[in-house]
Amino acid sequence: MVCLGNICRSPLAEGVLKKLVADAKVDSLFEIDSAGTANYHVGDLPDPRSRQIAKRYGFQLDHRGRQFQVLDFEVFDWILVMDHSNYKNVVKLARNDQDRKRVHLVTKFDPHPDGQLKIVEDPYYGTLEDFDATYEQLRRCLVHFLSKISSL
Ligand code: 4NP
């Protein structure tokens with residue numbers, strides 16, 4: 001899960017996906033992590049609003065910010081990004097087509113009408129309720145993502 005700062009969207013996405021696989025008792029099949037394309041928040045805990053939303057829905061975020069690195073293309077089969085700028089910045093680091101094919105906008109998996117035309121907007125300058133909307137959007141995308149990859 002990749003965003004810009006790795007404190008708002010991607011740690012929330014990481015927490016949502018970890019909870020989904022834990023609830024489905026398939027967590028041993030997955031390695032799930034998040035990262036930012038920038039290094040502003042390396043070592044930082046997620047934004048308090050992301051942590052509060054996680055708590056609201058029954059999970060905890062204890063991720064520490066880290067920057068996306070080329071090695072991630074070797075560790076992760078699926079690299080889900082939040083917006084077009086994240087996509088561009090991650091793909092810039094791809095060494096070949098195999099790396100590039102691992103990168104997807106997370107909204108590609110949104111089952112809602114028009115959901116795939118959207119991005120996951122950065123809620124950093126928004127309210128707690130904007131973070132709640134981010135959670136709902138991510139959950140919808142990631143539930144559908146899991147069902148898609150389970151049928152591959
Ligand atoms: P994120 O949000 O990419 O969802 O973690 C941001 C958080 C912090 C900054 C930018 C985006 N920042 O510029 O510090």
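Ligands are counted one by one from 1 in listed order, and the atoms in each one are counted from 1 as well.
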Practice task
State, to 0.1 Å, how close Cys3 and Pro11 come at their nearest heavy-atom pair, and which atoms those are.
Solution key: SG-CD, 4.5 Å

Handout entry: Asp47 versus His41, side-chain donor and acceptor atoms under 3.5 Å
Key = no

Exercise for the section: Establish, from distance only, whether the side-chain atoms of Asn89 and Asn86 form a donor-acceptor pair under 3.5 Å. Expected result: no

Exercise for the section: Report the part of Asp47 in contact with ligand 1, treating N, CA, C, O as backbone and CB onward as side chain, heavy atoms under 4.0 Å; options are side chain, backbone, both, neither. Expected result: neither

Fill in the blank from the handout: Any heavy atom of Met82 under 4.0 Å from ligand 1? The part involved is neither

Problem - Closest to atom 10 (C) of ligand 1 (judged by heavy-atom distance), picking from Asn6, Leu4, Val2 - result: Leu4

Which residue and atom name correspond to the protein heavy atom nearest [atom], and how close is it?
atom: atom 4 (O) of ligand 1; answer: Arg9 NE, 2.8 Å
atom: atom 3 (O) of ligand 1; answer: Gly5 N, 2.8 Å
atom: atom 1 (P) of ligand 1; answer: Cys3 SG, 3.5 Å
atom: atom 2 (O) of ligand 1; answer: Asp122 OD1, 3.1 Å

Handout entry: Atoms of ligand 1 close to His41 [distance to a heavy atom under 4.0 angstrom, numbered from 1]
Key = 8 (C), 12 (N), 14 (O)

Exercise for the section: Kindly say whether the aromatic ring centers of Phe30 and Phe76 come within a distance under 6.0 Å. Expected result: no

Practice task
Name the orientation class of the two ring planes belonging to Trp78 and His104 (parallel below 30°, tilted from 30 to 60°, perpendicular beyond 60°).
Solution key: tilted

Practice task
Say whether, by atom type as modelled, one donor and one acceptor occur between the side chain of Arg49 and the main chain of Gly126 under 3.5 angstrom.
Solution key: yes

Exercise for the section: Decide whether an N or O pair under 3.5 Å exists between Pro123 and ligand 1. Expected result: no

Exercise for the section: Indicate yes or no: at least one non-hydrogen side-chain atom of Arg64 is less than 4.5 angstrom from one of Leu45. Expected result: yes

